[in-house]
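One structure follows; several queries about it will come next.
Residue numbers begin at 1 in each chain, while the letters A, B, ... track the order of the sequences.
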Amino acid sequence: MPELPEVETVRRGLLGLVIDKTVTAESHDTEKGFPNTPHDVQTFLVGATIRDVRRRAKVLMIDLSSGYSLVIHLKMTGQLVYVGETRFGAGHPSDSLVNALPDASTRVTLTFSDGTHLYFNDQRKFGWMRLLPTIEIPNIDFMQKVGPEPLSDEFTSKEFIQRIQRRKNTSIKAALLDQSVLAGVGNIYADESLWGAKIHPARRVYTLSKTELVLLYTELRAVMNLAIEKGGSSNHTYINAEGKKGSYMDFARAFRREGQPCPRCEATIEKLRVAGRGTHICPVCQVL
DNA sequence: CACTTGACCTGTCCGC
DNA sequence: TGCGGACAGGTCAAGT
């Protein structure tokens, strides 16, 4: 799924596309992804106008004039794609991505008063979308447990170290991926930041020096900020609100670069398994 | 309690 | 070409 930079990219895209649009219809598949009652949908979604699009951790919130919000987690393969009235012509780079919607992975369709649409697609059906009173969002389980935003101005290296060290006995990669430690880090940016800080992902947290952790903090924020600037990372499923791919993968230094040279020392990048996840390292820069 | 593993789904890719 | 298994950017519940 989209990690923090991808979700933030979707948020920024949606802001420019759906603010002030009024929902006139909604449809969704019955099996999964949108469990609200038809009554709630009719009362609090249909007829409401979109006022804001916010993000916390990897969760998006679309605030409505009804006092309710659509709360969305894209998990691994979720997409939120806006399709305007004027579709791209045949041959346009985005043509095949966007003109074909809705498709077999479309779970929810919103129709706006101007005839345009917002689609929630999710091939693997891990993602979810639900309609909640806006003021109740901070009370849901996810929001209660999730850690601080790593890119906020108030998030210091001191706080990073303090929170990471709550998981002293596990691997540093597992600690980075733990959403209750800090919000928004996933497999890509865990590998990229560990490469940047020259730390082996399987190192136990208690073995890391303060200097190493400060460097990791700096690398993590740099890598995520760069990824936002580049519009996120794209595999075959991630696209932004306009149906476009991000370009961070062109800048990736370890993630999915197994067999290619390390940009720092030319050693061959290797793939291994840490914390149950595919993990990419430079075996020379990052040693146990 | 801290930590690890399996499950949730569908599609794709790789080796036989 | 077909088939089986591993794997995919996340999070929970259940297990040790």
* Asked: Taking only side-chain nitrogens and oxygens of K271(A), does any of them come within less than 4.0 Å of OP1 or OP2 of dC7(C)?
  ->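 Looking at the OP1 and OP2 atoms of dC7(C), neither is under 4.0 Å from any side-chain N or O of K271(A).
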
* Asked: Expressed in angstrom and rounded to an integer, what is the separation of D122(A) atom CG from dG10(C) atom P?
  ->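 In whole Å, dG10(C) P lies 13 Å from D122(A) CG.
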
* Nucleotide dG10(C), atom P - distance to CZ of R56(A) in whole Å ->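 Those two atoms, CZ and P, are 17 Å apart.
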
* Asked: Is the shortest side-chain N to carboxylate O distance from R56(A) to E149(A) below 4.0 Å?
  ->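 Yes.
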
* To do: Would you mind listing every side chain to side chain donor-acceptor pair (under 3.5 Å) that reaches into residues 151-161 of chain A, with sequence neighbours excluded?
  =>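 Residue pairs with at least one partner in residues 151-161 of chain A: there are none.
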
* To do: Look at the side-chain N and O atoms of R277(A) and state whether any lies under 4.0 Å from the OP1 or OP2 oxygen of dG10(C).
  => yes

* May I ask you to establish whether R264(A) and W195(A) are in a cation-pi arrangement, using a distance under 6.0 Å from NZ or CZ to the six-membered ring centre and at most 45° from the ring axis? => yes

* Just by distance, do the side chain of S247(A) and the backbone of K230(A) share a donor-acceptor pair under 3.5 Å? -> yes

* Asked: For F142(A), which contact category applies under a 4.0 Å heavy-atom criterion: base, sugar-phosphate, or nothing?
  ->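 The residue F142(A) makes sugar-phosphate contact but no base contact.
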
* Asked: Nearest nucleotide by nearest heavy atom, which residue falls closer to the 5' end of DNA chain C, Q179(A) or Q123(A)?
  ->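 The residue mapped nearer the 5' terminus is Q123(A).
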
* To do: Determine: side-chain N/O of T170(A) to OP1/OP2 of dT4(B), distance under 4.0 Å, yes or no.
  =>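 Yes, because at least one side-chain N or O of T170(A) sits under 4.0 Å from OP1 or OP2 of dT4(B).
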
* Option passing side-chain contact (heavy atoms from CB on, under 4.5 Å) with S233(A) (candidates R256(A), E192(A), K245(A), M249(A)) -> M249(A)

* Asked: Stacking here means centres under 5.5 Å and planes under 30°; does F126(A) stack on dT11(C)?
  -> no

* Across all strands shown, which nucleotide pairs with dG4(C) by Watson-Crick or G-U wobble geometry, both distances under 3.5 Å? ->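 Base partner found: dC14(B).
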
* Nearest-angstrom distance from the residue atom CG of L4(A) to C1' of dG10(C) -> 14 Å

* dG11(B) and dC12(C), which share atom name P, separated by this distance in whole Å -> 24 Å

* What is the distance from CH2 of W128(A) to P of dC9(B), rounded to the nearest Å? ->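 Computing the W128(A):CH2 to dC9(B):P distance gives 17 Å.
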
* **Integer-rounded Å distance: dA2(B) P and R163(A) CZ** =>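 These atoms are roughly 14 Å apart.
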
* How many Å lie between CG on L177(A) and P on dA8(C), as a whole number? ->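 The distance from CG of L177(A) to P of dA8(C) comes to 13 Å, rounded to the nearest Å.
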
* Do any side-chain nitrogens or oxygens of R273(A) fall under 4.0 Å of OP1 or OP2 in dA8(C)? -> yes

* Using a cut-off of less than 4.0 Å, is there contact between a side-chain N or O of H73(A) and OP1 or OP2 of dT11(C)? -> yes

* When we call it a touch if two heavy atoms are under 4.0 Å apart, what does G186(A) touch: a base, just sugar-phosphate, or nothing? -> sugar-phosphate

* To do: Could you tell me whether the side chain of R124(A) has a donor or acceptor atom within less than 3.5 Å of a complementary atom in the base of dA8(C)?
  =>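 Check passes, donor-acceptor contact within cut-off.
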
* Interatomic distance at P, dC1(B) relative to dT11(C), whole Å -> 22 Å

* To do: Using a cut-off of strictly less than 4.0 Å, decide whether K125(A) has a side-chain nitrogen or oxygen near OP1 or OP2 of dC8(B).
  => no

* Looking for any heavy atom pair under 4.0 Å, which part of the strands does G278(A) touch: base, sugar-phosphate only, or nothing? -> sugar-phosphate

* Asked: Is it true that F120(A) and H28(A) have ring centroids separated by less than 6.0 Å?
  ->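 Distance test on ring centres: not under 6.0 Å, no.
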
* Rounded interatomic separation in angstrom, taking CZ from F255(A) and C1' from dC7(C) -> 12 Å

* For nucleotides dT5(B) and dA6(C), find the distance between their P atoms and express it as a whole number of Å. => 16 Å

* Separation of dA2(B) C1' from Y206(A) OH (nearest whole Å) ->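 Whole-Å distance recorded here is 14 Å.
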
* What is the nucleic acid contact for S105(A), judged by heavy atoms within less than 4.0 Å: base, sugar-phosphate only, or nothing? -> nothing

